[in-house]
Participant: 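First the structure, which I've put down as structure tokens, then a few questions once you've had a look.
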Amino acid sequence: MSDDQAHLYATFEMTAISFMPGSLSRLFQSFLSKAPGGLLPPKITTTLGSCRTFHSSSVAAMANNRTSVVSSASPESNGGMPTFALSPSSFFKIQKGDITKWFVNGETDAIVNAANEKMLGGGGVDGAIHRAAGPELVAACREVPEVRRGVRCPTGEARITLAFRLPVSHVIHTVGPIYASDPHPEASLRNAYRNSLRLARENNIQYIAFPAISCGVYGYPFKEASRIAILTIKEFAADFKEVHFVLFSDDTYNVWLEEANELL
């Protein structure tokens with residue numbers, strides 16, 4: 001490692017750790033102690049100010065490219081993430097990725113799970129969230145009272161639990177409509193977003209990330225779903241610092257981005 005690279009590496013280490021809460025600081029120092037030959041893990045997400053994100057494959061790349069740590073709360077410098085102002089103090093962001101890895105600070109952040117009415121895990125994003133959260137999540141879901149036999153969260157409603165092994169503080173579980181069989185899919189999908197946001201607001205969540213609810217096996221057309229999602233989120237423009245969509249596929253990402261450009 002050159003002197004320039006070593007200096008940059010040390011500067012980043014000290015700056016990052018100084019901004020972190022204790023638990024994240026210890027985790028980050030553990031990463032650093034295990035990094036072979038100056039290599040950092042491919043993606044390290046840290047809390048720097050208002051959630052700064054650092055991506056690098058090596059310290060050498062940092063030194064050569066002068067990669068900067070940018071604030072994801074800034075619409076002007078968001079690391080290439082499409083960002084839209086909902087209000088002077090609230091931003092809407094779209095990104096591709098794995099929602100189970102998304103977080104801001106582990107205290108006032110939550111992800112939304114596209115659950116089923118039983119709330120005991122399933123396929124797609126629901127299964128991924130349960131696997132990442134560990135068995136404690138399904139145990140917590142079992143504690144949610146049934147409103148009728150086998151139904152803990154009816155379509156369009158939302159429930160909240162702790163996030164356990166996920167990096168966020170909470171998981172909000174909501175059930176979207178099955179497009180082909182729901183008599184009023186638009187109203188049901190709107191209620192799923194609206195009730196998730198209301199529950200987040202009631203629990204002092206400031207940062208929230210959604211998947212594309214009902215757009216998997218439930219068969220909701222992407223364009224219609226994205227429009228309902230974005231218009232509903234606009235109703236809560238004063239209530240959150242950031243609302244994210246973390247989307248797994250290129251198809252959903254492209255449709256959400258197109259609709260956001262039109263509506264925001």
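Sequence positions, counted from 1, serve as the residue numbers for this chain.
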Participant: Determine whether a donor-acceptor pair (N or O, by modelled atom type, separation under 3.5 Å) exists between the side chain of Arg152 and the backbone of Lys118.
Facilitator: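 Yes.
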Participant: Could you check whether any side-chain heavy atom of Ile208 comes within less than 4.5 Å of a side-chain heavy atom of Ile172, counting everything from C-beta outward?
Facilitator: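 Sidechains of Ile172 and Ile208: in contact.
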Participant: So, for Ala133 and Phe164, which heavy atoms are closest and what is the spacing to 0.1 Å?
Facilitator: O-CB, 3.5 Å
Participant: Which word best sums up how the rings of Phe210 and Tyr193 line up, parallel for under 30°, tilted for 30 to 60°, or perpendicular for over 60°?
Facilitator: tilted
Participant: Output, in order, the C-alpha distance, side-chain angles, deciding distance and verdict of side-chain hydrogen bond (donor to acceptor under 3.5 Å, both in side chains) for Ser249 and Asp251.
Facilitator: CA-CA 5 Å; Ser249 74; Asp251 290 341; 5.2 Å; no
Participant: Determine, stepwise, if the pair His170 / Thr161 fulfils side-chain hydrogen bond (donor to acceptor under 3.5 Å, both in side chains).
Facilitator: CA-CA 6 Å; His170 289 84; Thr161 66; over 6 Å; no
Participant: Say whether, by atom type as modelled, one donor and one acceptor occur between the side chain of Asn195 and the main chain of Gly156 under 3.5 angstrom.
Facilitator: yes
Participant: Which value, rounded to the nearest 0.5 Å, describes the distance between Trp256 atom CH2 and Ser226 atom OG?
Facilitator: 5.0 Å
Participant: Is there a side-chain contact between Leu120 and Arg142 in this structure, where contact means two heavy atoms from C-beta onward sitting under 4.5 Å apart?
Facilitator: yes
Participant: Just by modelled atom types, is the Met81 backbone N or O under 3.5 Å from a matching donor or acceptor in the Thr83 side chain?
Facilitator: yes
Participant: Taking side chain as C-beta onward, heavy atoms only, is Val147 less than 4.5 Å from Pro154?
Facilitator: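 With C-beta onward as the side chain, the pair touches.
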Participant: Would Glu186 and His184 satisfy side-chain hydrogen bond (donor to acceptor under 3.5 Å, both in side chains), going step by step from the backbone distance to the final call?
Facilitator: CA-CA 6 Å; Glu186 299 90 348; His184 305 288; 5.9 Å; no
Participant: Out of curiosity, Asn116 CG to Thr174 OG1, how far, rounded to the nearest 0.5 Å?
Facilitator: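 One gets 11.5 Å once the value is rounded to the nearest 0.5 Å.
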Participant: Before you tell me yes or no, could you show the steps for Arg159 and Glu157 under salt bridge (Lys or Arg N to Asp or Glu O under 4.0 Å), namely the whole-Å CA-CA distance, both residues' side-chain angles and the distance that decides it to 0.1 Å?
Facilitator: CA-CA 7 Å; Arg159 304 288 188 266; Glu157 296 189 14; 3.0 Å; yes
Participant: What distance separates Ser90 OG from Gln206 CD, expressed to the nearest 0.5 Å?
Facilitator: 9.0 Å
Participant: Do the side chains of Phe91 and Tyr207 get nearer than 4.5 Å, heavy atoms only?
Facilitator: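 They are not in contact (no side-chain heavy atoms under 4.5 Å apart), so the answer is no.
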Participant: Mind listing the closest non-hydrogen atom pair of Asp126 and Asn113 along with its distance?
Facilitator: OD1-ND2, 2.8 Å
Participant: Among residues at least two apart in sequence or on other chains, which ones pass salt bridge (Lys or Arg N to Asp or Glu O under 4.0 Å) with Asp239?
Facilitator: Arg201
Participant: Could you tell me if the side chain of Phe248 sits less than 4.5 Å from the side chain of Val125, heavy atoms only?
Facilitator: no
Participant: Please test Phe245 against Phe92 for ring pair (Phe, Tyr, Trp, His ring centres under 6.0 Å), starting from the C-alpha separation and ending with a verdict.
Facilitator: CA-CA 8 Å; Phe245 270 89; Phe92 177 89; 5.8 Å; yes
Participant: With Leu247, which of Thr252, Leu257, Ile99 fulfils side chain to side chain contact (heavy atoms under 4.5 Å, CB included)?
Facilitator: Thr252
